[in-house]
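Positions are given from 1, in the same order as the sequence printed here. These numbers come from the heavy atoms of this one structure, side chains and all, not from hydrogens, waters or symmetry mates.
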Amino acid sequence: MPESQGKRGAFIVLEGCDRTGKTSQCKTLGNYGALRRIIYIDTVPDLFSVDKLMQANIRAQYMNFPDRSTQCGQLINGYLTRKDDFTDEGIHLLFTLNRWERMKEMEKLLKAGVNLIVDRYSYSGVAFSSAKGLDMEWCKAPESGLLKPDLVILLTLSMEALARRGGFGDERYEVAGFQQKVIERYGMLKDDRYWKAIDADKTFDDVTAVLYEEVLRAIEHSGDKPLEKLW
């Protein structure tokens, strides 16, 4: 599936509760099996390899939120690791700011034909904050105007399966009761026009195979569409 000149990249987001495998799957997709035509380049622009991009049929880049490398991201990291504390409203706005920090870069990459595979996005922010009791419409408001994904893949997993995942409970939100509330909020946000739910309680490779097909389909159908904005 060669990349056509002038087509924009697809914006694909993986969402789900903590420990559903989003990050590992995002990073693995680029090296999947014999279909290594998608190359994930490090998020630092200087590390883009011209040779690799010329050899590839499709270009893609991995991103994740929160981006803990920024000043805002460092505050978020302190909160998530229980070193710092903020009001629910304050931490929600920090998460939102963290996404706005990268919007121009994301738009530039997409228009240049780079496909973005993003680990968490605005939906996580709204789902987690509203699960804490904040009004969902209030949570969505500061996210309005951010780029809208072409595809959101929601990885689902039972509470029992989540609890068995390695590292579950290490961070602030990794509590089974709270994660159940998050799942319910995702259900309220889900839009079948561009969301796809996938059961993550399978072998890693089986999940990757399903994800890869969805990603290829989204890339194929997004190139000629204009970029849209959230909400």
Within-4.5 Å side-chain heavy-atom neighbours: Asp119 and Phe65: no
Derivation of the side chain to side chain contact (heavy atoms under 4.5 Å, CB included) call for Glu143 and His92: CA-CA 10 Å; Glu143 309 278 341; His92 179 78; 4.2 Å; yes
Count I, L, V, M, F, W, Y as connected when their side-chain heavy atoms are under 4.5 Å apart, and connections chain through other members. Are Val126 and Leu134 then in the same cluster? no
Heavy-atom pair with the smallest gap, counting every atom of Ile76 and Leu94: CD1-O, 3.6 Å
Any link between Leu14 and Val210 through a network of hydrophobic side chains (Ile, Leu, Val, Met, Phe, Trp, Tyr) touching at under 4.5 Å? yes
State yes or no: do Leu75 and Leu93 share one hydrophobic cluster built from I, L, V, M, F, W and Y residues joined by side-chain heavy-atom distances below 4.5 Å, directly or via other members? no
Quick one: do Leu155 and Leu211 satisfy side chain to side chain contact (heavy atoms under 4.5 Å, CB included)? Show the steps, please. CA-CA 10 Å; Leu155 294 180; Leu211 291 178; 4.1 Å; yes
Compare every heavy atom of Phe128 with every heavy atom of Val182, then report the nearest pair and how far apart it is. CG1-CE1, 3.6 Å
Given side chain to side chain contact (heavy atoms under 4.5 Å, CB included), test Leu109 with Gln61 step by step and report yes or no. CA-CA 9 Å; Leu109 287 167; Gln61 180 169 320; 3.6 Å; yes
Taking atom types as modelled and ignoring hydrogens, do the side chains of Tyr186 and Ser124 form a donor-acceptor contact shorter than 3.5 angstrom? yes
CG/Asp150 to CZ/Phe11 distance, rounded to the nearest 0.5 angstrom? 8.5 Å
Going from CD1 on Ile91 to OG1 on Thr87, what distance comes out if it is rounded to the nearest 0.5 angstrom? 8.5 Å
With clusters defined by side-chain heavy atoms of hydrophobic residues (ILVMFWY) lying less than 4.5 Å apart, directly or transitively, does Leu97 cluster with Leu146? no
Decide salt bridge (charged side-chain N to carboxylate O under 4.0 Å, His left out) for Lys108 and Glu105; before the verdict, give the C-alpha distance in whole Å, the side-chain angles of both, and the deciding distance to 0.1 Å. CA-CA 5 Å; Lys108 182 178 179 180; Glu105 176 193 0; over 6 Å; no
Would you mind reporting whether Ile153 and Leu151 have side-chain heavy atoms less than 4.5 Å apart? yes
Is it the case that more than 12 heavy atoms not belonging to Lys196 sit under 6.0 Å from its NZ atom? no
Give a yes or no on whether the backbone of Pro66 and the side-chain of Arg99 come within a donor-acceptor separation of less than 3.5 Å. no
Out of curiosity, does Trp138 fall in the hydrophobic cluster containing Phe95 (side-chain heavy atoms, cut-off under 4.5 Å, transitive links)? no
So do the side chains of Val13 and Arg120 get within less than 4.5 Å of each other, counting heavy atoms only? no
Could you walk me through whether Glu137 and Lys140 pass salt bridge (charged side-chain N to carboxylate O under 4.0 Å, His left out), step by step? CA-CA 5 Å; Glu137 292 305 313; Lys140 290 167 69 175; 3.7 Å; yes
Looking at residues at least two apart in the chain, or sitting in another chain, which of them share a side-chain contact (heavy atoms from CB on, under 4.5 Å) with Thr70? Asp67, Cys72, Asn98, Glu101
Side chains of Asp84 and Phe86: closer than 4.5 Å at any heavy-atom pair? yes
Hey, does the side chain of Ser222 reach the backbone of Ile219 with a donor-acceptor pair shorter than 3.5 angstrom? no
Let me confirm one number: the OG-CG distance from Ser129 to Asp135, rounded to the nearest 0.5 Å. 11.5 Å
Who are the ring pair (Phe, Tyr, Trp, His ring centres under 6.0 Å) partners of Trp100, not counting sequence neighbours? none
For Leu147 and Tyr121 the tightest heavy-atom approach is O-OH, 2.8 Å
If I compare all heavy atoms of Ala197 with all of Thr156, which pair ends up nearest, and what's the gap? CB-CG2, 4.4 Å
Is the side chain of Asn115 donor-acceptor paired with the backbone N or O of Arg59 at a distance under 3.5 Å, no angle test? yes
For residues Ser130 and Met136, report the shortest heavy-atom separation together with the two atoms involved. OG-CE, 3.6 Å
For Lys181, I'd like to know if atom NZ has over 12 heavy atoms of other residues, nucleotides or ligands within 6.0 Å. no
Take Leu110 and Val114 through the test side chain to side chain contact (heavy atoms under 4.5 Å, CB included) and record every step on the way to the result. CA-CA 5 Å; Leu110 288 167; Val114 178; over 6 Å; no
Nearest 0.5 Å, what's the CD-NZ distance between Glu15 and Lys190? 13.0 Å
Side chains of residues 223-231: which donor-acceptor partners sit under 3.5 Å, not counting sequence neighbours?
{"from": "Asp224", "atom 1": "OD1", "to": "Lys7", "atom 2": "NZ", "distance (Å)": "2.8"}
{"from": "Asp224", "atom 1": "OD2", "to": "Lys7", "atom 2": "NZ", "distance (Å)": "2.6"}

Salt bridge between Arg217 and Glu214, side-chain N to carboxylate O under 4.0 Å? yes
